[in-house]
**Student:** 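Okay, here's the structure, questions in a sec.
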Amino acid sequence: MTSISQRSSGGRTVRLVALVAVALLMSYPLLWLVASSFKPEQLIFSEPGLIPSSFTWANYADGWTRVGIPFGAFMLNSAVICILSIVGNLFSCSLAAYAFARLQFPFSKIAFGLMLVTLMLPFHVTVLPQYIVFQNLGMVNTILPLVLPKFFAVDAFFIFLLVQFIRGVPRDLDQAAEMDGCNKYQIFFYIIFPICRPALVLVAIFTFLWTWNDFFSQLIYLSQVERYTAPLALNLFIDATSGESAWGMLFAMSVVTLLPLFILFVIFQKQIAEGIATTGLKG
Amino acid sequence: MSAIGLKDVRKSYGSVEVISSIDLDIEQGEFVVFVGPSGCGKSTLLRMIAGLEGIDGGTLSIDGVVANDIAPARRGIAMVFQSYALYPHMSVYENLAFSLRIAHVDKAEIDRRVRNAAAMLQLEPYLSRRPRALSGGQRQRVAIGRAIVREAKVFLFDEPLSNLDAALRVATRIEIAKLKERLPDTTMIYVTHDQVEAMTLADRIVVLNGGNVEQVGRPVELYESPANLFVAGFIGSPAMNFLPCRLEHQGERTLVQIDGAEQTAIAFGSGGRSGAEAGTLGVRPESLHIAEAGAALITGMVELVEHLGEVTILYVAAGLGQPVLAKLSKTQDFAKGDRVSLSAASTDLYAFDASGDALPRLG
């Protein structure tokens, strides 16, 4: 007995050490970024170690106001876009998914197939036509091109995810609700939507992640500095400072930008894992 | 005026007819059980009454009003699903109150009705729990409670006990019987493939097979005078034994002759037919007893003996392909390989003509 438990605890130690080593290796660039944000500018590239020989808050203090507008304003811009995108995706994608999973309408199979095809369409193919459309609508240099589409269920991946989830919900529940007097919309709002919670958490988290980390489409549509998002503002540290990049401040503000993501993962760690693992409902 | 009337009701999926022309009247306050083998259309018929399935032909009337196109919720019908279909994200209280909330019943009235139903079903301690924190029997009671809260005129039960274990099934069956007593004016329609549930609960049983009604009657009626081979074979456990026989119609009477039987020919009413035809003689295992010398109906070798305590069941090979089953009192002792002669009182025999319909008894 003892030898078995000893061997297995020995095996556990080896596994733990290996996992920690790989985790450290993977997170090294991130750790370096954090460490460098606390180093004086001249030490960043001359001193490769993670532990700074001299420690300073200056990068944070200077970086916050460097662009002329407090960095918090850019964070707020990003947050507004994120929140609107999340709200849009949650409602539009789940409604579309409910229609595909539960309702019978003409050409529903073809429509579902078309939607899946858009999953395979590279983003870059649609950028130009989309830009022209929004330009004609007079929406360029507002957040509308970034936010409005989310209210029309354009994220096929989320719709697909939710369709699969709703298909796993027993139809008896719909029928019980029908017997209880619900119409199709009430079945959706009172029954299907709340039951989809684990999948919806996933949709919200990934929408946040992809929107917060988005750079390209924000760069295209936003041209006024006051409307810049956090990633666009970070870009200012590299090229807007007369040939001389402010690396320390860039790193400091990058860390600030990463904080919400970090907090999100800490809070929702369980739901993220659950959401990925949940395929249906039992009991 | 009947609570529910079906007239020439039909349903098909594509070219497959699942319900073919059913006529049935159910009185208010009646407990009717639809029973039949899997795929006989009993659940489909129930769902057509509920409004969850469309009706392709004929009329469904509820309280004398044609209800074919009335929405499920407006039919005054509540349904208990086989899977219970409890809303997993709502507490027991919310599950019970949901239909009333949708109907905009005022809060005090909802509360009164929910607490009333909870008291009736002993669910009071669980009102704040989610369905997943309940046992199977408790979930079942919540499902029934949802029907009670709606104060529906008609309750539909779709195999409500099939997900429970054997002991709980008996207990819940008794609960349902008590519930019926407390709600004497509520019409209940109950679907099952379990004939014990059907026999114990029903005022009337509707035996369905292949989308047709085979027979409608009180439980004892179906047992004592089955209308045809199917009902005879379906009601009763173990099932009735069938022996090939020859029917000779002689005026008012029909004589039944069995090959190799010593028992004298048995007479049934002929129903005015003449001539002769091949038929089937039916005898229930519990009607068979050891024959006196020279009066055997069936003779054969014991293949298998099942001792069930109070009774012993013999499987007798009598050269029919199927063994003949006999349910005997335990005082008689048999072993595999014994040769036995069995007979039954002529009043315990059933005769069926070539098309499977029962012949009437004489006198």
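Chain naming here is simple, since letters A, B, ... match the order of the sequence lines and numbering starts at 1 in each. Only a predicted model underlies this, so the values are computations on that prediction, with no experimental measurement involved.
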**Student:** Tell me, yes or no, whether the heavy-atom count around A:K184 atom NZ, taken from other residues, nucleotides or ligands under 6.0 Å, exceeds 12.
**Tutor:**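 Count not over threshold, so no.
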**Student:** Pick one of side chain, backbone, both or neither for B:I77, based on which atoms fall under 4.5 Å of a heavy atom in chain A.
**Tutor:**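 Contact with chain A is through both the backbone and side chain of B:I77.
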**Student:** Return the CG to CZ distance between A:L173 and B:F81, rounded to the nearest 0.5 Å.
**Tutor:**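 Separation between the atoms: 9.0 Å.
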**Student:** Do any N or O atoms from the side chain of B:R150 and from the backbone of A:M179 form a donor-acceptor pair under 3.5 angstrom?
**Tutor:**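 Yes; judged by distance alone, with no hydrogens or angles, the pair exists.
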**Student:** Give, for atom CD of A:Q175 and atom OG of B:S83, the distance between the pair rounded to the nearest 0.5 Å.
**Tutor:**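 If we round to the nearest 0.5 Å, A:Q175:CD and B:S83:OG are 9.0 Å apart.
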**Student:** Tell me, side chain or backbone of A:Q186 under 4.5 Å from chain B's heavy atoms, or both, or neither?
**Tutor:**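 It is the side chain, since no backbone atom gets that close.
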**Student:** Above 12 or not: heavy atoms from other molecules or residues under 6.0 Å from CZ of A:F123?
**Tutor:**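 Yes, the 6.0 Å shell around CZ holds more than 12 heavy atoms from other groups.
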**Student:** A quick test of your reading: do over 12 heavy atoms of other residues, nucleotides or ligands sit less than 6.0 Å from CZ of A:F107?
**Tutor:**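 Atom CZ in A:F107 is not packed in, count stays at 12 or less.
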**Student:** More than 12 non-hydrogen atoms from neighbouring residues, nucleotides or ligands closer than 6.0 Å to CE on A:M120, yes or no?
**Tutor:**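 For A:M120, atom CE is crowded (more than 12 foreign heavy atoms under 6.0 Å).
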**Student:** Side chain from CB out, backbone as N, CA, C, O: work out which of these in B:A78 comes under 4.5 Å of a heavy atom of chain A, or both, or neither.
**Tutor:**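 When you check distances to chain A, only backbone atoms of B:A78 fall under 4.5 Å.
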**Student:** Is B:A103 close to chain A through its backbone or its side chain, or both, or neither, when contacts mean heavy atoms under 4.5 Å?
**Tutor:**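 Interface part for B:A103: neither.
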**Student:** With a sphere of 6.0 Å drawn around CZ of A:F151, does it hold more than 12 non-hydrogen atoms of other residues, nucleotides or ligands?
**Tutor:**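 More than 12 within 6.0 Å, yes.
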**Student:** Which one, A:P194, A:C182, A:A176, leads in non-hydrogen pairs under 4.5 Å with chain B?
**Tutor:**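 Max contact count across the listed options: A:A176.
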**Student:** Go through the atoms of B:R74 and report whether side chain, backbone, both or neither lie under 4.5 Å from a heavy atom of chain A.
**Tutor:**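 For B:R74, there is no contact with chain A at all, as no heavy atom is under 4.5 Å.
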**Student:** What's the spacing between B:H89 NE2 and A:I191 CD1 if we round to 0.5 Å?
**Tutor:**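 Rounded to the nearest 0.5 Å, the NE2-CD1 separation comes out at 4.5 Å.
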**Student:** Rounded to the nearest 0.5 Å, what separation is found between the CG atom of A:D180 and the CZ atom of B:R101?
**Tutor:**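 The CZ atom of B:R101 is 11.0 Å from CG of A:D180, to the nearest 0.5 Å.
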**Student:** Which bit of B:R47 is near chain A, if near means a heavy-atom gap under 4.5 Å: side chain, backbone, both or neither?
**Tutor:**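 For B:R47, the contact with chain A is made by the side chain alone.
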**Student:** Surrounding CZ of A:F152 (heavy atoms of other residues, nucleotides or ligands, distance under 6.0 Å), is the total greater than 12?
**Tutor:**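 Not buried by this count: 12 neighbours or fewer within 6.0 Å.
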**Student:** Does A:A177 offer a backbone N or O that forms a donor-acceptor pair with the side chain of B:Y87 under 3.5 Å?
**Tutor:**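 Yes, because the side chain of B:Y87 sits within donor-acceptor range (under 3.5 Å) of the backbone of A:A177.
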**Student:** Of the non-hydrogen atoms in B:A73 and A:G181, which two are nearest, and what is the gap between them?
**Tutor:**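 Heavy-atom minimum between the residues: CB-CA, 3.2 Å.
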